[in-house]
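Read through the structure below, which is laid out as structure tokens, and then see the notes.
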Amino acid sequence: MATVDEAWRRLTAWAREPVLEQLRRAARGEPVAWGLSLYRWDKGMDPAAPAALPFLIALVREPDRPNRKELLSTLAHLVGVGRQEAAERHAHGWATAWHEHRTALEPLLDDPDPEVRRTALYLTERAAPLLARIPAESEPRLRARQLRRLGEVADPADDTARALLTDALHGADGPDAAAHRLAALWGLAALDAAEPERWADQWVTAVLDPAAPAAVERLWTDPDDDHPATLDREVARTGLGLPPRLAAHLCVRLARAAGDAGRHELCAAALTAGWRPLLDLPSTGPLWPATAGALLSSPAAGVRYWAAAFLAVLGRTAAPHADALHARLDDADSGDEFLDGTPGDQAHWALARIGDPRALPGLVRRLTALEEAPRRGYDIGSPRRPEPYDALLPLHGRAAVLHPEVERWARRSGAGARLLAAWDAPADGPELPADLETAARGLLRTPPVRRSYEGPAPYLLGTRAVAALSGRGPLSPGVRAAVEHVLSLDRRLSWLSDYRAVLDDERLREVLHRALRGEAVTVPPLSHLDELDFETGH
């Protein structure tokens, strides 16, 4: 560490002392500050992290170290930050350092302390040490976690991993059998993530097993956790623990089956888990209309809310369920104080997204009531009532009907005035670069998945360049190839992370499709941005 560049060790705005001095104190066995200033959730990873990694690993491998668990927790959080795409940009060399040193942590899977083994499991990224450890594991709750993790890290062609998981699935017995079967199925589904239907039915059956809730609470609750694990909470985390396309396939199947079985808490959990993949992957949209439409009549208010929210995001593909949505306009019970708005609010917006004229009466008043309501405590990534500007922006074709109410709103709200301006004459976007061809071909660099802390380029700049070129004649072969590439990606062409990602994705894709057809196009106004978007980089 003495060779670490001074620029990496300097005191930062949020570090109480230089990283090197903190590491020296940790080596002396003294209590350590949270994170050792090597990372922060809103700032990313410190550039000193790659150099500090082997030093931290050496410390946590000392079994009698007094601050070992603190350091192990710090290391686990650091590795979690390192798994984000932005880590390498903030701390060049992290990926190389982690790949070089990660196997040095695998012996911790055999540590006598179960809590150390639990943390080591999170840090393990290879199947081989798990295949060696699982048969010897004496803690049932750790064995369940290991089965899940094995499927996540093993290669689909690894027959040994597949055989171990299959044996656990069919050989589980005793009071913990339901949880072990579910864990093995989780692992097998992850192993076959490219074939999401392969284990879907068995996974749903395992979740709906009447013995599963008690077994999951007993096995998956951490000793120091004041809140016991629950099956519905574990299912809701499926969208975070499995590849999103796989999670969507499992959850749409579970939502329908749980609704039919009257297991409304699991139905709501499946919808919760399926929400994030729906926002991120256009391919998951077609999975949901029939199931969400059927769940609009659920006796559980929370399920009705989620179902209406799914249909609102799905837009025109939800048209077959317009009558069911209309029947829900007066549904005022969300069933959950943490959900923003009511099923009726979501149903009203869904009808507007479909283009159903029955949504127009009272739409502006219902949307703009948000501005008089107390501040909403929603999670920006969860379903919520749309901002009036976002919901009304695509309805310019109905401006003749909506204009009087929007004018009244505009007299008291800047957002209303901005909407009228966007309807009447869309403002010019940012100044375009001189070389439009190069900017348009930048669409080839669009990452295939949405990345953490992603900026608006290159897809927004590229789309504006394509639109400008479309007015000059046929697109060149290179630009056409770039447009076809970006349209083939299963991702949203937006830097936002909530319902607005879907709205903007639809608009940008329409522009690109029309340009490919030889039309002269312009980029329409996009969604409202607020300060939080810029603070989080989303």
Side-chain angles (χ1 to χ4, degrees), residues 76-77 79-85 117-127 130 134 141-156 161-162 164-165 168-169 178-200 202-204 206-209 212-213 215-217 219-222 225 227-255 258 265-281 284 287 379 381-382 449-450 452 497:
H77 282 87
V79 171
V81 173
R83 286 171 179 160
Q84 298 175 12
E85 176 274 336
R117 299 205 300 276
R118 181 187 69 174
T119 306
L121 179 61
Y122 172 77
L123 298 170
T124 300
E125 294 183 348
R126 297 193 315 133
L130 288 172
I134 290 174
R141 65 185 182 86
L142 282 178
R143 180 178 173 81
R145 291 172 182 263
Q146 290 163 353
L147 292 169
R148 290 169 57 172
R149 186 65 177 162
L150 176 60
E152 292 166 2
V153 302
D155 188 290
R162 187 179 298 276
L164 192 154
L165 289 167
L169 171 64
H180 280 139
R181 275 196 299 271
L182 186 55
L185 277 164
W186 183 302
L188 285 165
L191 198 66
D192 291 321
E195 302 176 64
E197 294 292 319
R198 184 166 184 174
W199 300 99
Q202 289 189 61
W203 186 79
V204 168
V207 172
L208 294 180
D209 183 344
V216 164
E217 180 176 343
L219 255 66
W220 292 358
T221 301
D222 296 328
D225 196 340
H227 302 284
T230 62
L231 179 59
D232 58 316
R233 196 182 306 138
E234 294 298 325
V235 168
R237 291 172 179 164
T238 301
L240 301 175
L242 291 174
R245 184 169 172 269
L246 169 60
H249 277 264
L250 294 180
C251 290
V252 71
R253 191 76 59 88
L254 176 60
E265 77 289 353
L266 291 175
C267 183
L271 292 167
T272 302
W275 179 252
R276 185 77 260 163
L278 176 65
L279 297 186
D280 287 345
L281 304 181
T284 65
L287 300 175
D379 170 3
S382 296
V449 296
R450 187 182 177 281
S452 300
S497 60

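The basis for the numbers below is simple: all heavy atoms, side chains too, and nothing from hydrogens, waters or symmetry mates.
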Nearest-0.5 Å distance, CH2 of residue Trp186 to CZ of residue Arg145: 11.0 Å
Restricting to side-chain contact (heavy atoms from CB on, under 4.5 Å), what partner residues turn up for Ala189, sequence neighbours left out? Trp199, Leu246, Leu250
With sequence neighbours excluded, what pairs up with Asp192 under the salt bridge (charged side-chain N to carboxylate O under 4.0 Å, His left out) test? Arg162, Arg198
Close side-chain approach of Leu169 and Gln202, heavy atoms under 4.5 Å: yes
Those residues that, when tested against Glu152, pass salt bridge (charged side-chain N to carboxylate O under 4.0 Å, His left out) (two or more places apart): Arg149
Does some side-chain heavy atom of Arg118 sit less than 4.5 Å from a side-chain heavy atom of Arg141? yes
Determine, stepwise, if the pair Leu164 / Leu130 fulfils side chain to side chain contact (heavy atoms under 4.5 Å, CB included). CA-CA 10 Å; Leu164 192 154; Leu130 288 172; over 6 Å; no
Under the side-chain contact (heavy atoms from CB on, under 4.5 Å) rule, collect the residues that match up with Ala268, sequence neighbours excluded. Val303
Sequence neighbours excluded, which residues qualify as salt bridge (charged side-chain N to carboxylate O under 4.0 Å, His left out) partners of Glu217? none
Going by the rule salt bridge (charged side-chain N to carboxylate O under 4.0 Å, His left out), which residues pair with Asp280 if we only count those two or more places apart in sequence or in a different chain? Arg276
In Å, rounded to the nearest 0.5 Å, how long is the span from OG1 of Thr221 to CD of Glu234? 8.0 Å
With heavy-atom distances below 4.5 Å as the criterion, would you say the side chains of Glu265 and Thr230 are in contact? no
Quick check: do Leu287 and Leu278 have side-chain heavy atoms less than 4.5 Å from each other? no
Is there side-chain contact between Thr238 and Cys251, with at least one heavy-atom pair below 4.5 Å? yes
Test side chain to side chain contact (heavy atoms under 4.5 Å, CB included) applied to Val153 and Thr124, step by step: CA-CA 8 Å; Val153 302; Thr124 300; 5.6 Å; no
